[in-house]
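All chains are named by letter (A, B, ...) in the order of the sequence lines, taking the proteins before the strands, and each is independently numbered beginning at 1. In this text the structure is predicted, and so the values were computed from the model without any measurement.
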Amino acid sequence: MKLPKVYKASDYEEKIYKIWEDSGSFTPRSKGEAYSLVLPPPNATGKLHVGHASMVAIEDTIVRYQRMLGKSVLWVPGTDHAAIATNAVVEKRLAAKGTDRHELGREKFLEEVHSYVAKSQDDIRRQIRALGASLDWSRERYTMETAMNRIVGEVFIKMHDDGLVYRGRRIVNWDRILQTTVSDDEVDYHEEVTTFYTFKYGPFEIGTARPETKFGDKYVVMHPDDKRYSQYTHGQEFEADWISGKIRAKVIKDKAVDPEFGTGVMTITPWHDAKDFEIAQRHKLDMQQIIDLDGRLLDVAGDMAGLDIAEARNAVVEKLRSKNLVIKEDKTYRHNVAISDRGKAVIEPQIMEQWFVDVNKPVVKWKGKTQSIKQIMQQVVHDQDIEILPKRFNKTYFHWIDNLRDWCISRQIWWGHRIPAWYRLKEGGGHEIKVGFEEPEGEGWNQDPDTLDTWFSSALWSWSTLISAEVANDPKNSLDEMLKKSPDYKKFHPTNLLETGYDILFFWVARMILSTTYVTGEIPFKTVYLHGLVRTKTGAKMSKSTPEGSIDPLDMIEKFGTDALRLALVFGQTPGSDVRIYEEKIEAQRNFCNKLWNIARYVESKFGDEKIEPKPKAEHTADHWILSRLAVTTKGVSANLDKHQLGKAFEILQNFIWGDFADWYIEVSKIQYNPELLAYVLDTTLRLVHPFAPYVSETIWGTLGWRESLLIEEDWPVVKAGDQKKTAEFDEIVNIVKEVRHIRTQLKMDDNYLYHKTSDFLEENKDLIVKLTGLRGVRKVSSGKGLHLNSTVMECWIDVSAHKAHSYMLKLITKREESKQLVSKLEERLANKKYTKQAPKELVEQTAQQLADQKILLEKLEKEVGSFEGAIRRT
RNA sequence: GGACCCGUAGCUCAGUUGGCUAGAGCGCUUCAUUGACGUUGAAGAGGUCGCAGGUUCAAGUCCUGCCGGGUCCACCA
């Protein structure tokens with residue numbers, strides 16, 4: 001025997017992956033319809049986590065299926081430079097060495113990052129490979145490679161030329177720890193209980209949770225309709241005693257103020273609050289910076305200048321208290337604090353000059369109309385050019401776009417694509433700005449030190465990965481020429497599928513739609529499959545900080561094998577819903593792989609050295625039955641894979657392999673042996689299972705050696721008309737055998753004879769039944785009046801001792817009661833005129849038929865009970 | 001404050017546009033098993049489908065309200 005008794009995944013996986021990769025199976029074939037998708041690029045310095053495993057499992061399953069359908073499939077690998085995250089890691093390493101980026105200088109710092117990335121990039125590549133991902137590594141890309149830099153820069157320049165990218169002075173989210181701006185989407189809000197103060201401010205009472213920002217406040221704002229303050233007019237000035245002494249303040253009336261909240265009056269701090277900024281802009285008010293970029297108070301704070309913002313609150317309150325200006329303190333006030341997603345610092349809004357993408361400017365051509373990128377983003381999903389799975393995310397998507405503001409794309413970190421813009425001091429003040437790769441002519445130009453938001457470059461991923469590096473690196477090529485000169489782009493774009501987590505719908509998916517429609521005039525992908533989060537057994541999020549229940553994919557691969565891990569992740573997988581993963585689940589799938597392995601072992605042992613050609617040649621009843629089941633399974637698996645319902649597809653397949661093939665057909669084959677068909681069923685099963693469990697299926701395929709080619713390159717099974725016929729007879733056998741087993745178990749009759757009313761059909765299959773039930777004999781009963789296969793229990797007359805008969809009778813009585821209930825229920829239903837009139841005809845007919853059948857069964861049951869009662873009385 | 005999702009067996013979940021006696025896997029109990037199988041096979045127990053109304057011949061499924069759990073967005077000085 002060639003196959004060992006147990007499938008040990010780790011003995012085969014690495015070898016198999018190498019065979020696949022060397023064979024060129026991962027690169028698209030020249031023939032066939034194109035099918036493409038990109039791997040959402042993992043962080044180049046990241047470590048593989050179970051989320052990656054889930055992503056790869058889903059995508060690889062789809063990719064292998066499409067490949068087996070004969071398509072020319074491209075799945076593009078790549079890694080992401082993850083600007084802020086990587087920048088932070090390297091800065092931390094520098095700090096440990098007692099230095100920092102400023103001491104090192106920009107160039108040295110970037111060298112440091114590059115070498116750090118290069119080192120860890122290999123790890124993630126290896127780990128993705130270990131998952132069995134059939135990615136085309138010859139086309140691997142990296143978001144920070146030089147070609148990408150060129151593409152990203154060109155897009156920036158193009159957007160600038162079209163007026164979509166502009167330099168503006170606006171309020172942005174400032175992270176004081178990372179020392180950079182972050183986008184709205186990178187800000188989280190955490191609820192916090194804090195003190196809400198009410199202060200006396202001139203003739204007013206104002207409320208605030210942030211006294212430490214109030215130094216420069218010189219406007220009080222109230223709703224114009226608020227009757228309590230109707231004696232004050234807009235623009236009216238007054239004097240107030242405030243933190244650093246007497247100030248002159250002004251009354252502003254604005255509808256943004258909620259009269260219900262607090263006293264209905266507030267002061268504003270435009271420099272450090274988005275809403276205040278808007279009010280100030282509306283009324284053209286002065287704005288003053290209170291807090292510097294390190295989070296310290298500026299000179300405006302007087303003797304408190306230089307104090308850290310976190311420490312300033314008490315000082316300010318004490319000062320006001322000493323002036324008797326504190327009226328009320330509510331210590332139970334709940335509000336949300338803005339926290340930076342990456343740096344975990346409290347976000348301090350600041351007014352800064354930054355680069356923005358204008359989402360409302362109608363300058364983009366789409367389907368013959370000139371529109372804003374916001375409108376196009378809405379339209380492509382609305383028109384169903386792009387389908388989002390599950391559908392309910394459409395609503396979330398639209399809602400996000402409705403609230404979308406101009407996107408701040410400049411970051412003050414060094415690691416990233418440097419902004420291709422140049423500044424020069426203008427005579428008489430101000431700056432002159434030029435946008436372009438090359439330093440402009442003339443003296444005194446300096447390049448913008450800032451870099452672009454990571455998502456600005458990630459947003460180009462669907463098509464930038466399809467542009468060949470040589471074409472992109474040639475400075476003569478414009479963006480349009482790059483697209484035209486790239487055969488991969490022409491063949492594979494738009495991509496067919498984008499598979500990613502719903503948590504980055506906004507970060508990435510929406511922005512890909514934004515950039516791609518603008519630059520290429522095409523949608524980036526046709527279908528978006530949003531998978532859920534991977535959770536622990538108890539439903540908690542898997543995170544580094546709470547490792548309880550967390551699953552390390554690499555450990556699991558070693559312990560149970562890649563296939564087992566992948567199957568556990570695909571099991572129950574449906575778009576948009578979270579999946580729980582834990583060891584028992586993986587172990588169960590390991591057992592499934594082993595089951596498959598042993599099916600193959602059995603078949604192989606049966607064949608010995610015989611050369612068998614797999615053929616769908618059916619001879620016996622059971623043969624037709626298994627062929628039919630195989631056809632139904634193939635149909636079901638294919639249909640669900642087409643719908644991206646991987647969980648369902650696999651469930652159908654697993655039920656077939658375990659329940660039909662192993663438990664029934666293999667058992668039957670021990671009596672009625674049809675080698676060609678047995679081989680055929682195994683051959684087809686391996687094809688069906690390959691997208692889900694590539695390693696074990698390929699290993700078996702190779703060991704059996706029935707065919708020259710690799711399984712990965714083989715064709716997906718096709719269902720032929722007629723494959724589904726002739727199953728009724730075997731279904732009967734299955735039913736009878738099940739029933740026989742059932743009664744036998746119930747009565748614990750190990751050696752009793754089982755008398756059958758039997759027909760010629762039963763007689764013909766007698767050996768089979770004897771074998772399958774393990775019973776010693778089936779005796780034909782001569783008094784048989786013909787066979788009623790449909791009424792299950794009645795098939796068996798059992799000669800048993802009285803107490804066994806009694807328990808059997810109880811069983812019969814239970815059945816009879818159930819049957820009675822059903823009969824009366826059905827009768828009632830049919831007696832209902834509204835039902836017979838209004839329900840669909842087929843349904844009524846069905847019900848009538850069911851009633852008739854049930855009545856026959858009931859009659860039989862009653863007779864049977866009667867005869868048993870008689871029998872018991874006799875003994 | 002706005003939106004979305006979920007609540008079905010001890011656990012994890014299926015249940016299509018309302019329609020046959022509400023299902024699966026795991027776990028548990030019992031029986032069998034040296035013959036492809038880290039076991040596996042057969043069977044059993046276990047459910048007022050969160051609660052209360054409504055629509056309908058018919059509701060786990062549709063509608064309304066409530067309770068409980070979760071997620072996203074906005075944001076209040």
Side-chain angles (χ1 to χ4, degrees), chain A residues 1 3 5-8 184-185 189 196-197 206-210 213-214 217 221 256-258 260-269 273-276 279 333-336 338 390 392-393 395-396 398-400 402-403 502-503 505-506 532-533 537-539 571-572 574 576-580 582 584-585 587-588 590-591 594-606 647-648 651 654-655 658 662-663 666-667 669-670 737-738 740-746 748 750 773-774 818-819 821-822 825-826 829 832-840 842-844 846-847 849-851 854:
Chain A
M1 192 174 289
L3 301 175
K5 203 165 173 180
V6 165
Y7 174 67
K8 193 157 174 267
D184 292 346
D185 296 300
Y189 292 89
F196 186 75
Y197 299 93
I206 56 135
T208 182
R210 298 204 61 195
T213 65
K214 297 278 144 197
D217 290 11
V221 190
V257 178
D258 176 8
E260 304 290 316
F261 189 88
T263 58
V265 185
M266 65 176 188
T267 62
I268 55 168
T269 314
D273 185 287
K275 191 177 168 185
D276 293 359
I279 294 172
Y333 179 65
R334 302 175 92 82
H335 78 149
N336 287 327
R392 66 186 143 91
F393 278 100
K395 215 163 182 174
T396 320
F398 287 130
H399 184 254
W400 180 80
D402 288 342
N403 289 303
Y502 63 71
D503 49 332
L505 176 62
F506 306 137
L533 259 45
K537 189 173 186 180
T538 53
F571 191 87
T574 179
S577 52
D578 296 350
V579 174
R580 297 188 185 197
Y582 39 90
E584 295 94 303
K585 217 170 156 180
E587 193 181 2
R590 190 271 321 269
N591 290 349
N594 200 50
K595 185 80 184 176
L596 196 62
W597 183 257
N598 275 291
I599 290 172
R601 278 187 72 216
Y602 168 79
V603 173
E604 204 205 20
S605 70
K606 201 81 181 150
K648 187 77 190 165
E651 192 189 319
Q654 196 175 33
N655 285 342
W658 213 310
D663 292 348
I666 286 199
E667 290 305 322
S669 81
K670 291 172 183 172
V737 171
K738 277 189 179 168
V740 168
R741 278 177 177 172
H742 171 83
I743 290 167
R744 179 171 164 249
T745 316
Q746 280 298 296
K748 303 184 174 54
D750 299 326
T773 56
E818 280 171 13
S819 181
Q821 272 178 23
L822 185 57
K825 188 176 168 181
L826 292 171
R829 187 176 296 168
N832 188 335
K833 277 184 190 149
K834 280 184 177 171
Y835 174 69
T836 47
K837 267 188 199 167
Q838 289 176 33
E842 306 90 43
L843 194 68
V844 177
Q846 229 174 32
T847 311
Q849 182 60 47
Q850 201 194 345
L851 178 61
Q854 199 56 230

| message | Please report the distance separating the C1' of B:rA22 from the corresponding atom of B:rU8, rounded so that it comes out in whole Å. | response | 9 Å
| From A:Asn832 atom CG to A:Thr847 atom OG1, the distance as rounded to the nearest 0.5 Å | 11.5 Å
| message | Check this one for me: any side-chain N or O of A:Arg580 less than 4.0 Å away from OP1 or OP2 of B:rC13? | response | yes
| Whichever of A:Ala600 and A:Asn832 has its nearest RNA chain B nucleotide further upstream toward 5' | A:Ala600
| Could you state the CG-P distance from A:Leu505 to B:rC5, rounded to the nearest angstrom? | 15 Å
| message | Looking at the base of B:rU12, is there any donor atom on it, or on the side chain of A:Glu584, that sits under 3.5 Å from an acceptor on the other one? | response | no
| query | Looking across every strand, which nucleic acid part, if any, lies under 4.0 Å from A:Arg590 by heavy atom: base, sugar-phosphate, or nothing? | reply | base
| task | Could you tell me whether A:Tyr189 contacts a base, only the sugar-phosphate backbone, or nothing, with contacts defined as non-hydrogen atoms closer than 4.0 Å? | result | base
| Partner set under side-chain contact (heavy atoms from CB on, under 4.5 Å) for A:Asn655, not counting sequence neighbours | A:Glu651
| request: Please determine if A:Arg601 and A:Glu604 form a salt bridge, counting it only when a charged side-chain N lies under 4.0 Å from a carboxylate O. | output: no
| message | Under 4.0 Å from OP1 or OP2 of B:rA3: is there any side-chain N or O of A:Lys395 that close? | response | no
| task | Scan A:Tyr333 against the nucleic acid and name what it touches under 4.0 Å (heavy atoms): base, sugar-phosphate only, or nothing. | result | sugar-phosphate
| message | Measuring from the side chain of A:Asn403 (C-beta onward, heavy atoms only), which nucleotide among B:rC73, B:rA36, B:rA77 has the closest atom? | response | B:rC73
| Inter-nucleotide C1' distance (B:rG23, B:rG47), Å rounded | 11 Å
| request: Would you classify A:Tyr502 as touching base, sugar-phosphate or nothing, given that sugar-phosphate means primed atoms plus P, OP1 and OP2, and contacts are heavy atoms under 4.0 Å? | output: nothing
| message | When you measure from the side-chain N and O atoms of A:Trp658 to the phosphate of B:rG41, is any distance below 4.0 Å, counting only OP1 and OP2? | response | yes
| request: Respond yes when some side-chain nitrogen or oxygen of A:Arg392 is under 4.0 Å from OP1 or OP2 of B:rC4, and no when none is. | output: no
| said: For the P atoms, the ones on B:rC28 and on B:rC67, what distance do you get once it is rounded to whole angstrom? | reply: 39 Å
| task | Could you please name the option among B:rC72, B:rA36, B:rA77 that lies closest to any side-chain atom of A:Thr208? | result | B:rA77
| request: Have a look at A:Ala662 and say if it touches a base, only the backbone sugar-phosphate, or nothing, with a 4.0 Å heavy-atom cut-off. | output: base
| Atom CD of A:Gln846 and atom P of B:rA58: how far apart are they, to the nearest Å? | 19 Å
| query | Looking across every strand, which nucleic acid part, if any, lies under 4.0 Å from A:Ile268 by heavy atom: base, sugar-phosphate, or nothing? | reply | nothing
| message | Is there a side-chain contact between A:Arg210 and the phosphate of B:rC76, meaning an N or O under 4.0 Å from OP1 or OP2? | response | no
| said: Output the rounded distance in Å from CD (A:Glu604) to P (B:rG35). | reply: 18 Å
| field | Whole-Å C1' distance, B:rA9 and B:rG44 | value | 14 Å
| remark: Contacts of A:Glu587 and A:Asn598 projected onto RNA chain B by closest heavy atom; the upstream (5') one is A:Asn598
| Which class fits the ring pair A:Phe196 and A:Tyr333: parallel under 30°, tilted 30 to 60°, perpendicular over 60°? | tilted
| message | Measuring from atom CG of A:Leu596 to atom CH2 of A:Trp658, what distance do you get when rounded to the nearest 0.5 angstrom? | response | 10.0 Å
| Counting any heavy atom closer than 4.0 Å, what does A:Thr267 reach on the DNA or RNA strands: base, sugar-phosphate only, or nothing? | sugar-phosphate
| query | With rounding to whole Å, what would you report as the distance between B:rG15 and B:rC20 at their C1' atoms? | reply | 15 Å
| query | What's the closest nucleotide to the A:Lys595 side chain, out of B:rA77, B:rG41, B:rC73? | reply | B:rG41
| task | Check every strand shown and say whether A:Val603 touches a base, only sugar-phosphate, or nothing at a heavy-atom separation below 4.0 Å. | result | nothing
| said: Counting distance alone, no hydrogens or angles: does the base of B:rC37 have a donor or acceptor under 3.5 Å from a partner atom on the side chain of A:Asn594? | reply: no
| query | NA contact type, A:Gln854, heavy-atom cut-off 4.0 Å: base, sugar-phosphate, or nothing? | reply | base
| query | Side chains of A:Lys606 and A:Ser669: do they bring a donor and an acceptor to under 3.5 Å? | reply | no
| said: Under 4.0 Å, counting only non-hydrogen atoms across every strand here, what does A:Lys825 touch: a base, just sugar-phosphate, or nothing? | reply: sugar-phosphate
